[in-house]
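Working notes, structure below.
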Amino acid sequence: MALFVFAIIFASSWGVASTDSSLFCNNFSVQLYLTSASEKALPEPVLPVLLTDITENGVAVSTVAGAVAMVDPTQIAQNARSGLTVDLLSCNEALSVQAGPLPWASSPTRLALGDDWLRYDEGAVIGNWVLMTGVLVIGAGVAHKMGFEVVQFPGALILPTFFLISSTFASSIALLREGAPGQQAIGCLSMSASLVGISIVALRLSPRFFQAQWDEENCVWVDRSESQTGWVLRYGKLFDSYIKGRQGYVVIELLTSIAVGTLKSYQILEQNCATLLWSGAAVYDLYALSQIALHPHRDRYAQIFYSTVATLQAVALTTQAIASVSSSEETQEQVKVVTQSIVTATRYVMMVKTLLGVGLRAKDWFDRFRQSRLAPPLSLEPEKLLKEALPEVSVFPSTEPLVNLLLSDQGPELLAVDEGSSIEQELRSMQEVLSADTSLRSEEGLQPTLMVQDPFSFGLSSIHATPRTLNEAIEHTDYHLKTDEMLPINLEKPL
């Protein structure tokens with residue numbers, strides 16, 4: 001494009017010169033020299049460019065990994081906002097409007113729509129919403145296949161939202177403020193959708209619609225009623241890291257992200273940096289005070305960490321805001337080095353913490369996978385388990401006289417579990433036969449053995465662990481064979 005414009009200018013000047021030689025400027029080289037001499041050199045960045053690039057990419061990768069591993073939402077939110085904090089601190093009125101490509105953390109799709117200076121912001125808004133829609137559709141499909149409780153859907157959507165909301169809101173405001181009518185419509189729709197989404201989250205966590213309660217004994221969130229079983233698993237990512245009475249703190253995190261995104265949209269203009277710094281200091285001071293005063297996090301050490309990070313960033317912005325109105329340019333540059341170094345250090349600490357959380361979550365997944373391979377998964381419903389178990393389960397529980405009587409030559413006592421009966425009724429029948437004194441639980445020092453017989457073979461098909469109750473005997477039966485016959489439970493002498 002620049003070469004095309006230069007060619008037009010060159011052709012025009014040649015045509016004019018050929019028409020009237022008196023119009024040709026003989027001092028063209030002198031004029032060119034004066035123009036270049038009037039240009040100001042761009043100021044050097046406070047921190048090395050290589051360090052800034054490494055930090056940006058490292059934090060972005062750790063944030064994405066943390067969102068995939070479903071770490072604490074506050075961790076994702078603070079990580080995503082930290083880059084914008086550095087941008088606020090680097091505001092410099094000597095620079096021109098930032099119109100280049102956005103970092104991939106702000107626009108993962110790297111779209112650029114149109115040919116004006118807002119093409120990257122327009123691509124970021126549309127691309128980010130397409131990405132969020134794709135996450136929503138894929139998440140809904142996986143949840144429908146595996147179960148909404150297993151996937152923690154739709155509560156887990158808060159994690160990619162924190163990753164994208166600040167940058168998306170910043171580009172939306174830029175389109176609304178500087179764009180053409182079509183771009184303004186896109187920015188307005190994006191901002192409205194963001195605010196509607198936050199309103200839905202706030203409504204879901206309001207007392208009227210909140211279907212969880214705090215378990216004081218175990219200090220965890222549980223379902224409020226049996227009619228809403230699984231509500232905590234589906235929506236828990238919105239509030240399960242917070243204590244009782246602070247379940248709505250995620251709304252504060254979302255509003256803080258939107259406020260930082262708004263400040264970022266004005267920082268790209270590189271104008272009124274002092275006002276921008278004071279506004280940023282106010283936002284970060286309020287957020288740090290909310291962390292310290294409300295003490296929302298359930299984990300004590302996580303609360304100390306997040307409060308410390310928020311306080312350091314607030315102090316950095318407040319210090320530079322004060323220096324911007326009361327210090328010389330040289331002092332301001334020195335303060336910038338200190339404040340940006342502080343925020344960069346917090347970014348590295350948060351990156352390490354995020355990666356540590358991802359590692360711990362991966363270890364937890366691996367342990368669960370290994371346990372599932374060693375012990376095949378059982379049915380969640382005990383009645384279904386009984387129906388799917390082998391036709392015959394032999395339990396050797398006791399040597400009491402009553403049991404010996406049952407194990408006499410007359411043959412074992414059979415307790416048939418009918419298809420429509422409940423577990424509690426059959427256990428009650430078993431207790432009536434064995435009596436309370438000879439129940440499976442009351443036998444001390446006994447090492448009973450659960451043995452599963454396959455009616456289609458001549459021997460034992462498997463020998464399992466040694467349960468002490470009938471419930472444990474049923475729960476440890478991991479040899480599944482569907483059958484329409486009744487399930488007899490035999491009491492036989494040990495081999």
Side-chain angles (χ1 to χ4, degrees), residues 63 66-67 69-82 84-85 152 155-156 158-159 161-163 165-166 198 201-224 231-233 235-260 280-319 342-343 345-354 356-358 360-361:
T63 305
M70 295 186 180
V71 299
D72 194 332
T74 300
Q75 182 73 35
I76 304 298
Q78 288 192 350
N79 266 359
R81 292 195 298 259
S82 62
L84 304 183
T85 309
Q152 301 184 33
I158 194 64
L159 301 177
T161 299
F162 273 131
F163 178 65
I165 188 171
S166 294
I198 295 176
V201 172
L203 187 65
R204 175 60 66 178
L205 298 178
S206 64
R208 181 178 179 181
F209 297 97
F210 192 62
Q211 298 298 326
Q213 61 183 359
W214 183 256
D215 186 350
E216 297 288 351
E217 181 178 356
N218 299 314
C219 295
V220 294
W221 291 101
V222 296
D223 294 325
R224 177 180 293 179
W231 196 89
V232 171
L233 291 177
Y235 294 95
K237 272 301 170 185
L238 298 174
F239 59 87
D240 61 0
S241 60
Y242 305 125
I243 61 175
K244 178 183 178 181
R246 304 291 187 266
Q247 61 269 17
Y249 191 80
V250 68
V251 178
I252 296 179
E253 293 283 2
L254 289 169
L255 293 177
T256 303
S257 297
I258 279 185
V260 174
V283 171
Y284 277 82
D285 288 345
L286 290 175
Y287 175 71
L289 289 175
S290 71
Q291 282 282 348
I292 297 173
L294 298 179
H295 202 278
H297 292 274
R298 189 172 65 183
D299 186 272
R300 175 186 177 186
Y301 298 103
Q303 176 62 53
I304 295 175
F305 177 84
Y306 296 136
S307 299
T308 302
V309 169
T311 302
L312 288 174
Q313 294 180 352
V315 169
L317 278 163
T318 303
T319 302
I342 291 175
V343 175
T346 61
R347 300 184 73 189
Y348 274 100
V349 173
M350 286 190 295
M351 180 173 59
V352 172
K353 185 179 184 302
T354 303
L356 179 61
V358 172
L360 293 175
R361 186 58 60 90

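For this chain, numbers begin at 1 and follow the sequence in order.
You'll find the side chain of F162 stays beyond 4.5 Å of the side chain of T74, heavy atoms only. By the 4.5 Å heavy-atom criterion applied to side chains, V71 and I76 are counted as neighbours. Considering only heavy atoms from C-beta on, Q213 comes within 4.5 Å of V222 through its side chain. No side-chain heavy atom of P73 sits under 4.5 Å from any side-chain heavy atom of E253. Side-chain contact check for L254 versus I158: some heavy-atom pair is nearer than 4.5 Å.
In this structure, F305 has no ring-ring contact (aromatic ring centres under 6.0 Å, His included) partners at least two apart in sequence or on a different chain. A search for side-chain hydrogen bond (donor to acceptor under 3.5 Å, both in side chains) contacts involving D240 returns nothing, not counting sequence neighbours. For L205, the side-chain contact (heavy atoms from CB on, under 4.5 Å) criterion is met by V201, F210, L238, F239, V250, not counting sequence neighbours. Residues passing the side-chain hydrogen bond (donor to acceptor under 3.5 Å, both in side chains) test with Q303 are Q291, S307, sequence neighbours excluded. When the side-chain hydrogen bond (donor to acceptor under 3.5 Å, both in side chains) test is applied to T311, no partner is found at least two apart in sequence or on another chain. Annotation: side-chain contact (heavy atoms from CB on, under 4.5 Å) contacts of A345 (sequence neighbours excluded): none. Applying the side-chain contact (heavy atoms from CB on, under 4.5 Å) test to T346 and every residue at least two apart in sequence or in another chain returns V309, L312, Q313, V343. Looking at residues two or more places apart in sequence or on another chain, you find a side-chain hydrogen bond (donor to acceptor under 3.5 Å, both in side chains) between S257 and R81. Here Y249 pairs with Y242 under the ring-ring contact (aromatic ring centres under 6.0 Å, His included) rule; sequence neighbours left out. By the side-chain contact (heavy atoms from CB on, under 4.5 Å) test, Y301 pairs with D299, sequence neighbours left out. In this structure Y235 satisfies the ring-ring contact (aromatic ring centres under 6.0 Å, His included) test together with W231, sequence neighbours excluded.
In this structure a side-chain-to-backbone donor-acceptor pair under 3.5 Å is present from D223 to V232.
Here T85 contributes atom OG1 and I342 contributes atom CD1; the two are 12.5 Å apart, rounded to the nearest 0.5 Å. Atom OG of S206 is separated from atom CD of Q247 by 9.5 Å, given to the nearest 0.5 angstrom. Expressed to the nearest 0.5 Å, how far CD of Q78 lies from CZ of R347 amounts to 12.5 Å.
Between R246 and L294, the closest heavy-atom pair is NE-O, 2.8 Å. Residue N79 comes nearest to M350 through the heavy atom pair OD1-CB, 3.1 Å, listed as atom of the first residue, atom of the second, then distance. For I252 against S290, the heavy-atom pair with the smallest separation is CG2-OG, 4.3 Å. Here the closest heavy-atom approach between residue A281 and residue T318 is recorded as CB-OG1, 3.7 Å. Here the closest non-hydrogen pair linking M70 and A156 is CE-CB, 3.7 Å. In terms of heavy atoms, T354 sits closest to Q75 at OG1-NE2, 2.6 Å.
Residues in residues 201-219 take part in these salt bridge (charged side-chain N to carboxylate O under 4.0 Å, His left out) pairs, two or more places apart or across chains: E216-K244.
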Side chain to side chain contact (heavy atoms under 4.5 Å, CB included) evaluation trace for I198 with V251: CA-CA 7 Å; I198 295 176; V251 178; 4.3 Å; yes
